[in-house]
Protein chains: 4
Amino acid sequence: MKKREVLASVKDERLVKKRRNQMIKGAISLFKQKGFHRTTTREIAKASGFSIGTLYEYIRQKEDVLYLVCDRIYDEVHERMEKDIGTHHGTIESFKLAIARYFKVIDDLQDEVLVMYQEAKSLSKESLPYVLNKEMQMVAMFEKILQTCVNNGVFQLTEQEIQLFAHNIFVLGQMWAFRRWALQKMYTLEEYIELQTDLLLRGIMEKRS
Amino acid sequence: MKKREVLASVKDERLVKKRRNQMIKGAISLFKQKGFHRTTTREIAKASGFSIGTLYEYIRQKEDVLYLVCDRIYDEVHERMEKDIGTHHGTIESFKLAIARYFKVIDDLQDEVLVMYQEAKSLSKESLPYVLNKEMQMVAMFEKILQTCVNNGVFQLTEQEIQLFAHNIFVLGQMWAFRRWALQKMYTLEEYIELQTDLLLRGIMEKRS
Amino acid sequence: MKKREVLASVKDERLVKKRRNQMIKGAISLFKQKGFHRTTTREIAKASGFSIGTLYEYIRQKEDVLYLVCDRIYDEVHERMEKDIGTHHGTIESFKLAIARYFKVIDDLQDEVLVMYQEAKSLSKESLPYVLNKEMQMVAMFEKILQTCVNNGVFQLTEQEIQLFAHNIFVLGQMWAFRRWALQKMYTLEEYIELQTDLLLRGIMEKRS
Amino acid sequence: MKKREVLASVKDERLVKKRRNQMIKGAISLFKQKGFHRTTTREIAKASGFSIGTLYEYIRQKEDVLYLVCDRIYDEVHERMEKDIGTHHGTIESFKLAIARYFKVIDDLQDEVLVMYQEAKSLSKESLPYVLNKEMQMVAMFEKILQTCVNNGVFQLTEQEIQLFAHNIFVLGQMWAFRRWALQKMYTLEEYIELQTDLLLRGIMEKRS
DNA sequence: AATGAATGAGTCTTCATTCAT
DNA sequence: TATGAATGAAGACTCATTCAT
């Protein structure tokens with residue numbers, strides 16, 4: 001699925017990139033504070049360091065900013081994951097590592113993740129699929145990791161279970177961000193990682209044997 | 001924590017209740033479609049079956065509607081859970097039953113749950129705690145169930161693990177609603193319940209015994 | 001052809017009529033001075049004696065004001081013509097009278113006529129036909145008068161000639177308004193009426209006989 | 001009356017002429033479609049084949065474009081008339097010919113004529129007189145023709161009648177353009193010319209003799 | 001208690017014009 | 001000379017809230 005194009009009046013690609021970077025940075029910081037709807041285009045322009053007129057040289061409508069922001073956040077998460085995870089060996093250790101790193105990335109970018117999850121619903125019917133697609137790619141990443149483990153005989157999971165498990169990991173990672181008001185009072189990130197990993201891997205039934 | 005009071009000009013308590021019921025019903029159906037921000041007070045009034053003037057006899061500001069809606073949805077979930085769960089015996093079977101019923105309730109009320117999770121962030125700093133508190137109560141319910149199981153020796157979980165596990169259950173239930181675009185294409189509710197229950201209980205490591 | 005409906009949020013028909021009267025009056029005076037495009041909705045509201053919010057209770061878009069104005073002007077011209085002309089006897093005298101009265105109406109309403117002719121083109125593709133239709137009705141009125149005269153044997157004109165002649169009368173009347181910068185320096189209204197009537201009726205060829 | 005000067009920053013007269021030609025051509029085609037107000041300077045620049053910055057090297061404000069366009073259209077009409085009419089002999093035949101040719105020119109340039117008549121009102125108080133002056137010159141041309149005929153004893157018209165008649169011819173010619181939505185459905189250009197000429201010359205009263 | 005007309009601050013967006021390169 | 005990025009004033013329109021009836 002190709003990226004949705006956000007049209008700019010300005011032709012210089014380099015400049016477009018630079019200005020959009022400013023824009024995204026400014027917008028994220030505003031969306032964090034007040035959400036997409038309560039943020040005005042003027043505020044976005046100001047936070048981006050240029051005038052309202054200039055803002056509209058780089059986007060068509062306010063919603064484009066939101067799309068750009070969501071797009072960027074995903075790329076950011078993705079990039080960090082790839083850098084961190086890199087090769088995966090299909091061992092329990094490397095599985096644990098992957099989860100730990102995912103959770104760390106979420107922790108690093110928790111404001112951004114929050115923004116995305118709270119505002120993505122405001123995307124137009126046109127843009128939403130592109131963002132959801134990115135989400136599926138993230139989930140697919142976890143599926144692949146799990147599959148490798150299964151192939152190695154480390155885990156025993158059906159196809160269906162792999163899919164669901166991948167979703168669970170994805171969501172329980174985000175949970176660290178969107179339920180931080182509760183969780184981050186109870187655990188440090190390290191504790192959270194350890195506990196979740198345990199819970200996920202161990203099962204909670206007493207082993208009778 | 002006491003309910004936050006939403007002041008009404010009208011004195012007749014009976015009437016206030018009736019009108020607010022109309023209001024909540026109308027508002028939920030609108031929020032489902034277009035979200036809180038894109039819904040106007042006029043639309044709410046119309047969907048409620050009375051005039052904009054009357055609407056403001058029963059609330060102070062638009063945000064009050066959102067609070068009332070969130071409040072109501074929680075009550076609804078709570079009520080259904082209680083009716084369903086009732087007594088809990090601390091056995092694996094009754095634990096499974098509790099989860100199944102929670103997931104069913106989420107499935108029944110998925111639009112409402114969605115509304116709450118997507119819009120709660122728009123609550124004022126004043127109202128938010130009341131809603132979060134309700135959420136904690138739900139989590140606490142799962143904690144209690146888990147605790148009973150632990151007390152019965154059915155599960156082996158530390159205090160910390162119980163808390164986290166309760167959160168997980170809570171979130172994985174909601175996940176059925178807010179990721180329905182993906183999950184409900186893959187599983188029926190029954191499959192989802194069974195798979196999740198399995199995953200939660202079994203652990204996924206091969207048992208090397 | 002039915003009138004195009006301009007939707008109002010306000011239900012009270014009486015009030016709608018009253019407010020629209022204020023609006024039309026205010027708008028005409030502004031359009032006279034600066035044209036439709038250079039007049040802002042705020043100015044229209046102010047000139048109408050109410051707030052911008054109230055203005056939009058009675059129209060949907062700025063263009064609606066223009067439509068309402070054009071519509072009204074035509075009705076005004078029409079009404080005055082009917083009152084004046086009433087019965088037409090098909091004699092030269094009554095033909096002359098009709099022309100004289102039409103020209104007088106144009107003179108009375110010359111600002112309005114000017115507005116209509118200069119701004120009608122800004123009407124949307126949706127509204128324009130309704131206004132053009134009214135224009136055709138005016139022309140048809142002249143056709144009827146001419147036809148009566150022809151039937152009475154007073155004039156000798158083919159069907160085609162009647163149509164064209166009616167258009168000519170219509171346009172030469174308006175000319176008094178939209179070329180007033182030239183004509184009204186040269187003639188009084190009375191002179192204009194007399195000269196035009198003469199020219200129209202007499203033909204300008206020397207009578208060789 | 002001298003042409004109003006439109007100042008250009010560029011000094012090279014040759015270039016100024018060339019660029020303005022491009023500009024006028026581009027602008028006319030845009031004004032035809034959407035009118036002066038709805039056309040942006042960016043669009044004009046683009047249609048002219050150069051950048052917005054360059055556009056402003058050749059004009060001071062947007063309105064200058066309109067003035068240039070109106071000016072050019074008049075010149076065009078004038079030029080074609082002169083070429084066509086050339087010498088006028090003061091006979092009925094040559095009078096008829098003059099009218100026929102004027103109407104043909106209008107037909108050829110009807111879009112342009114329309115633009116001018118609909119947009120001239122948007123000219124500033126400064127520019128308007130120059131355009132109106134050109135209009136008077138056109139009317140004067142008809143006056144001269146009529147005068148010659150009168151001098152030759154072909155027509156019997158007073159000074160006043162000549163002036164008015166000239167205006168009528170001028171306006172009935174334009175009418176072919178600005179009422180084309182009605183007239184051009186009813187007549188071909190040839191029919192229109194013949195009918196109008198007849199009506200103008202013959203008079204419509206039955207000849208009693 | 002109920003109504004709905006009135007209000008005007010606030011929002012997105014456009015576009016003529018400038019100016020550094 | 002030519003370019004096009006930057007500007008910000010200005011405009012159309014919305015909508016939460018009030019208040020007289």
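Letters A, B, ... are given to chains in the order of the sequence lines, protein chains preceding strands, and every chain is numbered from 1. Every heavy atom of this structure was used, including side-chain atoms; hydrogens, water molecules and symmetry mates were not.
In this structure, CD1 on B:Ile28 lies 8.0 Å from CD on B:Glu76, to the nearest 0.5 angstrom.
Along DNA chain E, the nucleotide nearest to C:Val10 and the one nearest to A:Thr40 differ in position, and the one closer to the 5' end is contacted by C:Val10.
Between the side chains of D:Glu135 and D:Tyr117, a donor-acceptor pair is found at a separation under 3.5 Å. B:Glu63 and B:Ser127 share a donor-acceptor pair across their side chains, judged by distance under 3.5 Å alone.
We find that CD1 of C:Ile44 is positioned 18 Å from P of E:dG8, with the value rounded to whole Å. Atom CD1 of A:Ile59 and atom P of F:dA6 are 14 Å apart (whole Å). Note: CD (B:Glu57) to C1' (F:dT17) measures 12 Å, nearest angstrom. For the pair B:His37 NE2 and F:dA16 C1', the computed distance is 12 Å after rounding to whole Å.
A sub-4.0 Å separation between OP1 or OP2 of E:dG4 and a side-chain N or O of B:Tyr56 is absent. Contact check, D:Arg19 against F:dA2: a side-chain N or O comes under 4.0 Å of OP1 or OP2. Using a 4.0 Å cut-off, some side-chain N or O of D:Thr41 falls inside it from OP1 or OP2 of E:dA16.
Across all strands shown, C:Ser51 has heavy atoms under 4.0 Å from base atoms, whether or not it also approaches the sugar-phosphate. Residue D:Thr54 is classed as a base contact, given a heavy-atom separation below 4.0 Å to a base. Residue B:Ser9 is classed as having no contact, given no heavy-atom separation below 4.0 Å to the nucleic acid. Residue contacts for D:Lys11: at a heavy-atom cut-off of 4.0 Å it reaches the sugar-phosphate backbone alone, with no base atom in range. C:Arg38 comes within 4.0 angstrom of no nucleic acid atom, judged by non-hydrogen atoms across all strands.
Here E:dA1 sits opposite no nucleotide as a Watson-Crick or G-U wobble pair (both hydrogen-bonding atom distances under 3.5 Å). Nucleotide E:dA20 is matched to F:dT3 when pairs are restricted to Watson-Crick or G-U wobble geometry with both distances under 3.5 angstrom. Figure legend. F:dC13 is base-paired to E:dG10; pairs are counted as Watson-Crick or G-U wobble with both atom distances under 3.5 Å.
For the pair C:Lys121 and C:Phe36, the NZ or CZ position fails the cation-pi test of under 6.0 Å to the six-membered ring centre and within 45 degrees of the ring normal.
One N or O donor and one acceptor, one from the side chain of A:Arg42 and one from the base of E:dT13, sit under 3.5 Å apart.
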